[in-house]
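In the text below, chain A, chain B and the rest are named by the order of the sequence lines, each starting its count at 1.
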Amino acid sequence: MSLDILYFAWVRERIGLPRETVQTQAATVSDLVAELTAREARYEAAFQDLSALRVAVDQELTEFDAPLAGAREVAFFPPMTGG
Amino acid sequence: MSLDILYFAWVRERIGLPRETVQTQAATVSDLVAELTAREARYEAAFQDLSALRVAVDQELTEFDAPLAGAREVAFFPPMTGG
Amino acid sequence: MEVRVQAGPFDIGAEISRFTEGRTDMGAIVTFSGLVRDSAAGDLRHMEIEHYPAMTAPAIEKIAAEAVSRWSLGDAMVIHRHGRLAPGEQIMMVATAAPHRADAFAAAEFLMDYLKSRAPFWKKEVTAEGAAWVAAKDEDEAALTRW
Amino acid sequence: MEVRVQAGPFDIGAEISRFTEGRTDMGAIVTFSGLVRDSAAGDLRHMEIEHYPAMTAPAIEKIAAEAVSRWSLGDAMVIHRHGRLAPGEQIMMVATAAPHRADAFAAAEFLMDYLKSRAPFWKKEVTAEGAAWVAAKDEDEAALTRW
């Protein structure tokens, strides 16, 4: 499937781009992270500590074990600091 | 001694005046209340339930057993409803 | 710290601007404003607020000083009106400024709880049925015990 | 219920006026506004706020709807800015309107706690020393457990 992946804040800076489209068969967010991490050091740098990251699938906050079936957009970012 | 006595809200309405000056030897607020109550029915009507009243001596909230030595102004009123 | 007791209206936006102007050390501003609420029957003509002029500002200043001493506040302000007010009109406002939001919120709630029951104001509601003094609520007195 | 996410400034006084205009059923209005706070060293040049456009407004609307369902509120509003902001500038505001003050305060605090940790904004501080992302605080995450 084709997935849009978005990166925000320092995740975006480490990976070096705000968004990309990937072709993947990843079943869960964790599988997707593993695929990306295997690609290049910059992904490894961004994903090295998942406890410091948050993920949203189709604009809803979720967990790393969330399934990706039917998903169109996945976003990775650090804990939010709004307000 | 000469004391200014002030009345607010429904205490003022029952007694029929906002302030008056009295000559009194009352030692405490309670003594003063007893003196006033003995004067006329309108004072009795205002002071019949002291638990529904508050008192300030020289603009400081206090209790009915507070001494009046040196006091210049005593105010009687219902519980406040500001804000 | 500013305390004002006045008959006339105030402009809450202008007050907030003035309160925060030129400050870059405060991250959190909390305001409360109290409005004249219509009766359940919708027949409130106006509210009359009586106060004790010699005591009002000193009593509020004491409450505000207590707030500033209990929380990490940059500043606090209180404006309270008296006299005749129509439904929907602003009765009063408090504002607190603090580096962090928890202090600003707690201090504003503290100020409101004390103003309700310890500042010498009395409200009378005038409706088609006549005039009635607003009774103090037990819950307002009880609210003080949390501080 | 109104939620706005915008780059430009807002006029808190005008927002409060609009929020309360014509209402006579609300006795209590609480506002919170967040300002850009300078660094301890006083060398903050500006703050940059990044957000996730497709998610931001829906996430805030969900939080605001939750507040309206949990407390007896007449209305709630949230404005949050993004982009570059100078020290002292307003970052965001929330306002709540309720018949009684306890609901207005609780709902405003709830909104702030959730906006801090659940709305997709990220702050970066740019000082003479360079740029650094603001780290989320454990206490902000912990604040959510009280609701």
Side-chain angles (χ1 to χ4, degrees), chain A residues 1-22 24 28-29 32-33 36 42-83, chain D residues 3 5 32-37 47-63 78-82 85 90-94 108-126 130-144:
Chain A
M1 66 183 157
S2 176
L3 264 185
D4 288 329
I5 313 190
L6 281 68
Y7 308 109
F8 292 97
W10 58 255
V11 181
R12 172 178 57 68
E13 291 177 337
R14 283 193 199 173
I15 292 176
L17 54 137
R19 66 186 302 154
E20 60 185 318
T21 301
V22 301
T24 178
T28 65
V29 173
L32 177 64
V33 168
L36 292 167
R42 58 197 171 105
Y43 291 95
E44 209 180 329
F47 290 114
Q48 64 190 350
D49 177 11
L50 292 189
S51 75
L53 291 185
R54 299 290 179 269
V55 62
V57 173
D58 291 337
Q59 296 103 42
E60 291 276 352
L61 280 176
T62 186
E63 304 296 328
F64 281 86
D65 59 4
L68 289 179
R72 293 162 30 147
E73 183 172 297
V74 178
F76 295 102
F77 40 78
M80 290 93 137
T81 53
Chain D
V3 170
V5 181
F32 176 92
S33 54
L35 310 183
V36 178
R37 195 157 49 93
M47 177 176 274
E48 275 174 27
I49 301 181
E50 182 170 334
H51 78 122
Y52 179 178
M55 179 176 168
T56 313
I60 298 174
E61 279 157 12
K62 202 169 144 187
I63 295 165
V78 178
I79 302 174
H80 204 302
R81 297 175 66 189
H82 57 85
L85 301 173
Q90 288 176 326
I91 300 170
M92 52 81 64
M93 72 169 283
V94 308
E109 291 196 68
F110 169 88
L111 281 170
M112 285 309 304
D113 282 353
Y114 273 84
L115 282 170
K116 277 270 166 193
S117 306
R118 294 291 182 271
F121 292 100
W122 300 275
K123 292 190 183 117
K124 187 187 223 176
E125 290 176 339
V126 180
W133 292 98
V134 173
K137 288 189 229 155
D138 290 344
E139 70 195 63
D140 284 332
E141 189 65 31
L144 300 185

Side chain, backbone, both or neither: which part of H82(D) has an atom under 4.5 Å from a heavy atom of chain A?
neither
Crowded around D49(A) CG? As in, over 12 foreign heavy atoms under 6.0 Å?
yes
Would you mind listing every side-chain hydrogen bond (donor to acceptor under 3.5 Å, both in side chains) that reaches into residues 74-83 of chain A, with sequence neighbours excluded?
none
For R12(A), give me all partners under side-chain contact (heavy atoms from CB on, under 4.5 Å), at least two apart in sequence or on another chain.
Y7(A), P18(A), E50(D), W133(D)
Heavy-atom cut-off 4.5 Å, strictly under: side chain, backbone, both or neither for A59(D) against chain A?
neither
With a 4.5 angstrom heavy-atom cut-off, which part of P120(D) approaches chain A: side chain, backbone, both or neither?
both
Within this structure, what is the CG-CE distance for the pair D140(D) and M80(A), rounded to the nearest 0.5 Å?
12.5 Å
Give the interface residues of residues 109-116 of chain D toward chain A, defined by a heavy-atom separation under 4.5 Å.
M112(D), L115(D), K116(D)
Report which part of A9(A) has an atom under 4.5 Å of a heavy atom belonging to chain D: side chain, backbone, both, or neither.
both
If we ignore hydrogens and angles and just use 3.5 Å, is the side chain of K123(D) paired with the main-chain N or O of G83(A) as donor and acceptor?
yes
Counting only heavy atoms closer than 4.5 Å, note whether I49(D) contacts chain A via side chain, backbone, both or neither.
neither
Pair count under 4.5 Å, heavy atoms only, with chain A: among E141(D), H80(D), M55(D), highest is M55(D)
Can you give me every donor-acceptor pair (side chain of residues 60-74 of chain A, partner residue at least two apart or in another chain, under 3.5 Å) with its distance?
residue: E60(A); atom: OE1; partner: K62(D); partner atom: NZ; Å: 3.1
residue: E73(A); atom: OE2; partner: Q59(A); partner atom: NE2; Å: 2.7
residue: E73(A); atom: OE2; partner: Y52(D); partner atom: OH; Å: 2.5

Heavy-atom pair count under 4.5 Å with chain A, highest-scoring of G34(D), P58(D), A54(D)
A54(D)
Inter-residue atom distance R54(A).CZ - R118(D).CZ, 0.5 Å rounding:
7.0 Å
Under a 4.5 Å heavy-atom cut-off, does chain A meet the side chain of R81(D), its backbone, both or neither?
neither
